[in-house]
Amino acid sequence: DNDVMMSKDPSAKVKLISDLDFDGSDQDITVSAGTFELNGYDLTVDDVAGEIAVNTDATLKLAGTETVTVSANPSVQSGANIAYTSSSSNVTINDWNYENLIIGGGSAVIFSLGATETVSGNLTVDSGKFNLSGYDLTVTGTVSNNDTIQLQGAETVSLTNDDDTGTVEFLGDGDAVADTYTITDFSTVFNSLTINSADGNTDIFELGAAVDINGTLTTNAGSFDVTVGNHQINLAANWAHNAGGVILNMRAGTIVLDTASTANITGGQSFFHLTSATAGKTINFYESQTVTVAGDLTLTGASGNEITLA
């Protein structure tokens, strides 16, 4: 019936090998240091006065497929970590209080919100797909995205996007009804950006401001619109376009290829203005794919360091 405190070296852990039921009166479970890993097994705290607490720098680690039964959400101190690590099964994130939230499962696994959540510390997506699923998200600290953050596009999101690594993927809501989503409500700066509508090209994904993409732009499914504002797209690397699945509405907008990195333009786009002013840049187009520039094509290299079209 006594309280249970787990205090290990920071790199050490306590790991379940079966379901665990704490049935003592007013019994608390505290992860004071190190990691407490559920390892796919269920955890129950029977007494209504009992709680699970995670202290600063300690970690509660779960696959996400477990059933955790406790009368109140886990109590988390500033700097406490809760990590989801399912390697194969898609999971729904528990509607808990979060300080630092870590997603680190299989690369194809989808970790979905099931309610509006606030992360008071940092959000880390190490591996797997973190899907907002239509729910609002606030992250007060740092976002580190090493894989993919997915959203429909209408969620209210308050965070500073990771523009150095990872992909943000817009999916729409899959309701077969035409909807319009503003990409730049999420951020105006991305590492890589993917438009991959679950409704095909029925849904419109539009820019409400100029956007800067430091990696790759992928337009796989949906309608992509720079709107009447003709918002500029600055693109560092590649544009992978599915000509059969996406409607591009470039209006009188400008695409600026703004780094020295090689740009691979695939899928046969129709641009209005296309600009590259980085000496030594190579822009690759592909056989049997037609690229149309309806407005100005501006290529500014330097003597002996030209821009190459290949």
Side-chain angles (χ1 to χ4, degrees), residues 1-8 12-77 79-139 147-150 155:
D1 289 352
N2 294 327
D3 293 343
V4 175
M5 177 174 288
M6 302 175 193
S7 183
K8 305 289 288 182
K13 64 184 175 183
V14 174
K15 184 175 181 179
L16 295 187
I17 58 172
S18 66
D19 296 342
L20 182 61
D21 188 347
F22 291 94
D23 59 2
S25 175
D26 197 16
Q27 192 172 24
D28 296 336
I29 296 88
T30 300
V31 187
S32 179
T35 297
F36 178 35
E37 182 177 354
L38 303 191
N39 193 34
Y41 293 102
D42 297 343
L43 175 66
T44 302
V45 180
D46 286 332
D47 194 88
V48 294
E51 72 167 11
I52 300 171
V54 186
N55 290 353
T56 300
D57 294 330
T59 300
L60 175 61
K61 183 177 180 181
L62 58 161
T65 56
E66 307 91 342
T67 298
V68 179
T69 304
V70 62
S71 61
N73 291 339
S75 172
V76 289
Q77 292 184 356
N81 306 302
I82 296 180
Y84 290 83
T85 62
S86 174
S87 61
S88 58
S89 298
N90 295 339
V91 300
T92 299
I93 301 298
N94 292 301
D95 185 17
W96 290 348
N97 302 316
Y98 293 98
E99 273 293 321
N100 297 329
L101 174 59
I102 301 168
I103 305 298
S107 60
V109 175
I110 301 172
F111 298 83
S112 300
L113 294 186
T116 293
E117 300 295 350
T118 295
V119 179
S120 300
N122 302 326
L123 169 64
T124 302
V125 182
D126 277 331
S127 57
K129 320 300 181 189
F130 180 53
N131 192 323
L132 275 57
S133 301
Y135 294 101
D136 299 342
L137 175 67
T138 298
V139 180
D147 200 313
T148 306
I149 295 174
Q150 298 176 321
E155 300 92 339

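Checking side-chain atoms of Asp28 against main-chain N and O of Glu51 turns up a donor-acceptor pair under 3.5 Å. Listed for the Gln77 side chain is a donor-acceptor partner under 3.5 Å among the backbone atoms of Thr56. For Glu66 (side chain) and Gly40 (main-chain N/O), a donor-acceptor pair under 3.5 Å exists by modelled atom type. Here the side chain of Asn122 pairs no donor or acceptor atom with the backbone of Asn100 at under 3.5 angstrom. Side-chain atoms of Asp23 never come within 3.5 Å of backbone atoms of Asp46 as a donor-acceptor pair (strictly under, hydrogens ignored). Remark: side-chain polar atoms of Gln150 are not paired, donor with acceptor, to backbone N or O of Phe130 under 3.5 angstrom. Distance alone, capped at 3.5 Å, is enough to place a donor-acceptor pair between the Asp19 side chain and the Asp42 backbone. In terms of modelled atom types and a separation under 3.5 Å, the side chain of Ser127 and the main chain of Gly105 share a donor-acceptor contact.
Nearest heavy atom pair, residue Leu113 against residue Ser133, reads O-CB, 3.6 Å. Heavy atoms only, all atoms of each residue included: Thr65 and Val91 are closest at CG2-CG1, 3.5 Å. The minimum heavy-atom distance between Thr59 and Ala83, with the atom names listed, is CG2-CB, 4.3 Å. For the pair Ser120 and Glu99, the tightest heavy-atom approach, listed with the atom from each and the gap, is CB-OE2, 3.4 Å. Considering every non-hydrogen atom in both Gly134 and Glu155, the closest pair reads N-OE2, 2.9 Å. Nearest heavy-atom pair across Asn90 and Ile110 is OD1-N, 2.9 Å.
Between atom CD1 of residue Ile29 and atom CG of residue Asp3 there is a gap of 8.0 Å, rounded to the nearest 0.5 Å. In this structure, the separation between CD on Glu117 and CG on Leu123 is 11.5 Å, given to the nearest 0.5 Å. Rounded to the nearest 0.5 Å, atoms CG (Leu60) and CH2 (Trp96) are 5.5 Å apart. The distance from the CD1 atom of Ile93 to the CG atom of Leu101 is 6.0 Å, given to the nearest 0.5 Å. Here CD1 of Ile82 is found 10.5 Å from CD1 of Ile103. Values are rounded to the nearest 0.5 Å. Atom CE of Met6 and atom OG1 of Thr35 lie 11.5 Å apart (nearest 0.5 Å).
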(request) Show your working on side chain to side chain contact (heavy atoms under 4.5 Å, CB included) between Val125 and Ile149 and close with a plain yes or no. (result) CA-CA 8 Å; Val125 182; Ile149 295 174; 4.2 Å; yes
(request) Go through the steps to decide whether Val68 and Ile52 satisfy the test side chain to side chain contact (heavy atoms under 4.5 Å, CB included), and finish with yes or no. (result) CA-CA 10 Å; Val68 179; Ile52 300 171; 4.1 Å; yes
(request) Step by step, work out the side chain to side chain contact (heavy atoms under 4.5 Å, CB included) result for Gln27 and Asp47. (result) CA-CA 7 Å; Gln27 192 172 24; Asp47 194 88; 5.7 Å; no
(request) Please assess Leu43 against Leu62 for the test side chain to side chain contact (heavy atoms under 4.5 Å, CB included), listing each intermediate value before the final yes or no. (result) CA-CA 10 Å; Leu43 175 66; Leu62 58 161; over 6 Å; no
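Classified by interplanar angle (parallel below 30°, tilted 30° to 60°, perpendicular above 60°), the ring pair Tyr84/Phe111 is perpendicular.
A donor-acceptor contact closer than 3.5 angstrom is absent between the side chains of Ser112 and Asn131.
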